[in-house]
There are 2 protein chains.
Amino acid sequence: MTVTIKNVAKLAGVSIATVSRVQNGVGQVSPETKAKVLAAIRQLNYVPNRIGQALQKQRHGALGIVFPDFSGPYYGGVLLGLENQAVTAGYSVLVLATHRRQESARLITELSSRVDGMVIMDRTVSDSTISAIADSGIPIVLLARSAIGDLPSVRSENQIPAIELMTHLTKDHGYRSFAFLGDPQIAYDVTERWRAVNKVAHEQNLARPKLIRCGYRQQDGYQAAQKLLTQGTLPQCLLCANDEVAFGVYQALRENNIRIPDEIAVTGWDDIPTSELISPPLTSVQQPTQQLGDLAAQKLIQIIETENTRLENDVLSSRLVLRNSCGCNH
Amino acid sequence: MTVTIKNVAKLAGVSIATVSRVQNGVGQVSPETKAKVLAAIRQLNYVPNRIGQALQKQRHGALGIVFPDFSGPYYGGVLLGLENQAVTAGYSVLVLATHRRQESARLITELSSRVDGMVIMDRTVSDSTISAIADSGIPIVLLARSAIGDLPSVRSENQIPAIELMTHLTKDHGYRSFAFLGDPQIAYDVTERWRAVNKVAHEQNLARPKLIRCGYRQQDGYQAAQKLLTQGTLPQCLLCANDEVAFGVYQALRENNIRIPDEIAVTGWDDIPTSELISPPLTSVQQPTQQLGDLAAQKLIQIIETENTRLENDVLSSRLVLRNSCGCNH
DNA sequence: CGTTATCCTGTAAACGTTTACGATACAATC
DNA sequence: GATTGTATCGTAAACGTTTACAGGATAACG
């Protein structure tokens with residue numbers, strides 16, 4: 001059914017070696033045979049089988065990326081950046097979302113046997129699994145994840161903008177009580193932010209911010225806020241793990257006729273496009289999502305192609321964006 | 001460096017055939033040798049090379065999906081559904097975004113040589129390229145795309161909700177002049193909606209809706225609305241190709257102090273989570289994005305595994321969601 | 001004409017699997 | 001003891017490619 005190099009060779013009346021040479025433009029081939037082979041290739045619509053090539057070349061020509069899941073603009077941005085770089089460099093992209101599946105380890109290990117290198121995001125799988133894969137020889141770049149051994153990593157800055165944000169909220173607006181909506185155990189970025197928030201609160205002798213554990217979708221934020229509303233007195237400011245959670249919080253507060261920022265302040269993280277538009281505009285922190293994917297791909301490809309395993313950890317800067325939801329006049 | 005079946009065989013003191021048998025649990029193998037082999041596998045941390053398997057089995061164990069790009073929750077939902085089904089069925093997922101690249105045809109053809117089947121969305125590549133790939137024998141499912149030959153397809157309903165929407169806007173609210181923001185030449189879904197809109201307008205003896213060509217991101221909607229604002233009298237209602245475009249329109253109208261829906265009505269499409277939350281809440285049409293991915297994957301896998309090329313075209317239903325932005329009291 | 005260099009092309013091995021087939025050993029049956 | 005059957009395991013081919021190597025033809029040179 002499918003046409004192989006043999007079919008082409010037979011049709012052109014040459015050996016498969018010659019077909020391969022023509023196809024790849026290597027070695028010596030006379031103009032006449034070259035023409036014959038090209039004609040045969042065209043006639044049969046031959047495309048080389050990537051598996052055969054991969055087996056021979058010991059290269060898959062593919063990169064893998066492991067997401068915790070795909071929801072939201074953050075992951076979309078990362079994927080976009082990564083895919084773009086990969087395709088430009090001639091690689092295909094395999095995606096895997098772990099979704100907290102039990103079998104994540106198996107799936108990731110399996111994925112590792114069909115790519116030349118992989119980017120692993122966040123808390124998708126245990127450190128030991130990653131180490132095992134790295135030991136087996138395939139390059140790994142960690143993305144928005146805590147360090148493992150000396151594996152290279154890419155992440156965005158969390159601590160500095162989190163401190164900036166908290167300082168702004170306490171110093172400029174005078175808020176003294178906080179709640180944090182998110183799950184520091186799931187995402188590394190959130191862990192860092194949660195730590196920074198606590199640090200500032202402690203330094204300023206505030207009560208420990210209340211942690212409301214929730215997922216990262218709008219719906220999760222909605223539920224978390226509702227839960228918070230049943231728990232008696234509200235804090236002065238709600239720090240949300242990302243903008244979508246903040247949107248859910250908006251929803252719950254609106255339903256309860258609680259005004260932002262007059263009665264309570266809300267902040268997000270990621271600065272997705274809608275945050276500027278929503279009412280009131282959401283104070284957030286801009287992350288270079290696409291650049292994260294870009295950089296991870298570049299780094300990975302560099303390691304694959306130059307075998308340069310120099311351990312570099314890149315941190316991209318994030319920018320605090322103040323808007324009306326924290327009490328500012330923007 | 002990487003450990004192959006040979007290494008395992010040597011360590012266990014058996015032939016590679018036996019290792020394969022143990023690994024796959026087929027054929028007869030005595031308990032003792034089985035134990036030896038398993039010990040060796042564990043000790044060396046052996047995972048079978050997918051390429052070797054693929055070459056032998058003549059199956060890649062992978063599905064490809066071609067997007068026009070990744071922006072927005074729509075594509076995220078589709079990918080999520082597709083990936084989930086694929087992984088559950090034991091397939092990996094390769095993604096490719098064409099981004100209107102010149103070389104799309106080459107990239108897609110190349111992709112086709114490393115998957116067992118592929119899902120092709122929208123206007124990502126020419127019909128002839130797709131036909132050529134289909135002719136070469138690999139199964140294809142079209143997603144949200146116009147029909148090609150008798151290739152199976154999956155899409156969501158556009159015409160019915162578009163007519164419903166237009167009927168509502170004209171009959172219930174009495175709007176007589178419209179503009180449509182989007183690009184019917186890019187997305188098939190949008191083509192269908194644009195046609196339906198025109199049909200209703202014509203039936204009701206309205207002026208032909210004005211087409212403002214723009215992309216599908218918030219920013220595109222913003223620019224399109226600004227352009228519209230410089231063109232003299234505004235229509236009574238703006239029909240946006242998706243919710244993100246509508247968000248951009250909101251932004252532009254707000255900057256010009258034009259109130260929605262009092263001075264102008266706005267509608268979107270997709271009903272993304274934020275649309276309920278934004279002010280005013282956006283009238284939109286709910287599409288089952290995840291289900292689209294689900295179904296496409298299921299269909300593709302079925303074709304691959306049963307060679308059943310029965311030509312079915314599935315149309316998932318969409319639901320009109322009326323909110324305040326069109327003038328309703330919701 | 002003999003030697004050598006150059007150009008072209010074919011042969012065969014290798015990549016890592018799976019699996020049909022055959023070989024061996026041993027038990028069971030007559 | 002000869003025959004047959006069964007359980008186990010190894011040999012080798014096959015999948016589609018690339019490429020080192022060798023071989024043959026032709027041209028160049030003495």
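Side chains included, hydrogens not; waters and symmetry mates left out as well; all remaining heavy atoms used. Just so we're on the same page: letters track the sequence lines, and every chain starts at 1.
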Please determine whether a side-chain nitrogen or oxygen atom of [X] lies at a distance below 4.0 Å from atom OP1 or OP2 of [N].
X       : N      : value
B/Lys6  : C/dC15 : yes
B/Gln56 : C/dG16 : no
B/Thr33 : D/dT8  : no
B/Gln58 : D/dG16 : yes
A/Ser15 : C/dT9  : no
A/Thr18 : C/dG10 : yes
A/Ser30 : C/dT9  : yes
B/Asn24 : C/dT18 : yes

ask   = Which pairs count as ring-ring contact (aromatic ring centres under 6.0 Å, His included) when at least one residue sits in residues 71-99 of chain B, sequence neighbours excluded?
value = B/Phe67-B/Tyr75
Using 4.0 Å as the upper bound for N to carboxylate O, is an ion pair formed by [Y] and [X]?
X        : Y        : value
A/Lys36  : A/Glu32  : no
B/Glu83  : A/Arg101 : yes
A/Asp127 : A/Arg145 : yes

ask   = Between the two end axes of the helix from C/dC1-D/dG30 to C/dC30-D/dG1, each built from 5 base pairs, what angle do you get to the nearest 10°?
value =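 Here the helix ends are tilted 70° relative to one another.
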Length of the line joining [X]:[atom1] and [N]:[atom2], which is rounded to integer Å:
X       : N      : atom1 : atom2 : result
A/Arg59 : C/dG16 : CZ    : C1'   : 18 Å
A/Asn49 : D/dA14 : CG    : P     : 18 Å
A/Gln53 : D/dG16 : CD    : P     : 13 Å
A/Gln28 : C/dT9  : CD    : P     : 10 Å
B/Ile5  : C/dC15 : CD1   : P     : 14 Å
A/Ile16 : D/dA14 : CD1   : P     : 14 Å
B/Arg21 : C/dA20 : CZ    : P     : 11 Å
A/Leu55 : D/dC15 : CG    : C1'   : 9 Å

key: A/Gly52 vs B/Val14, nearer the 5' end of DNA chain D by closest nucleotide   =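 This one resolves to B/Val14.
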ask   = Relative to the 5' end of DNA chain D, which residue comes earlier, A/Thr4 or B/Ala17, by the nucleotide with the nearest heavy atom?
value =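 In this pair, the answer is B/Ala17.
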query = Want to settle it: does A/Gly27 or B/Tyr46 sit nearer the 5' end of DNA chain C, counting the closest nucleotide to each?
reply = A/Gly27
request  = Give a yes or no on whether B/Gln102 atom CD has more than 12 heavy-atom contacts from other residues, nucleotides or ligands under 6.0 Å away.
outcome  = no
Determine whether the side chains of [X] and [Y] contain a donor N or O and an acceptor N or O closer than 3.5 Å.
X        : Y        : answer
B/Ser131 : B/Ser128 : no
A/Asn313 : A/Ser153 : yes
B/Ser112 : B/Thr109 : no

query = A/Val29 near the nucleic acid: base, sugar-phosphate alone, or nothing, with a heavy-atom cut-off under 4.0 Å?
reply = sugar-phosphate
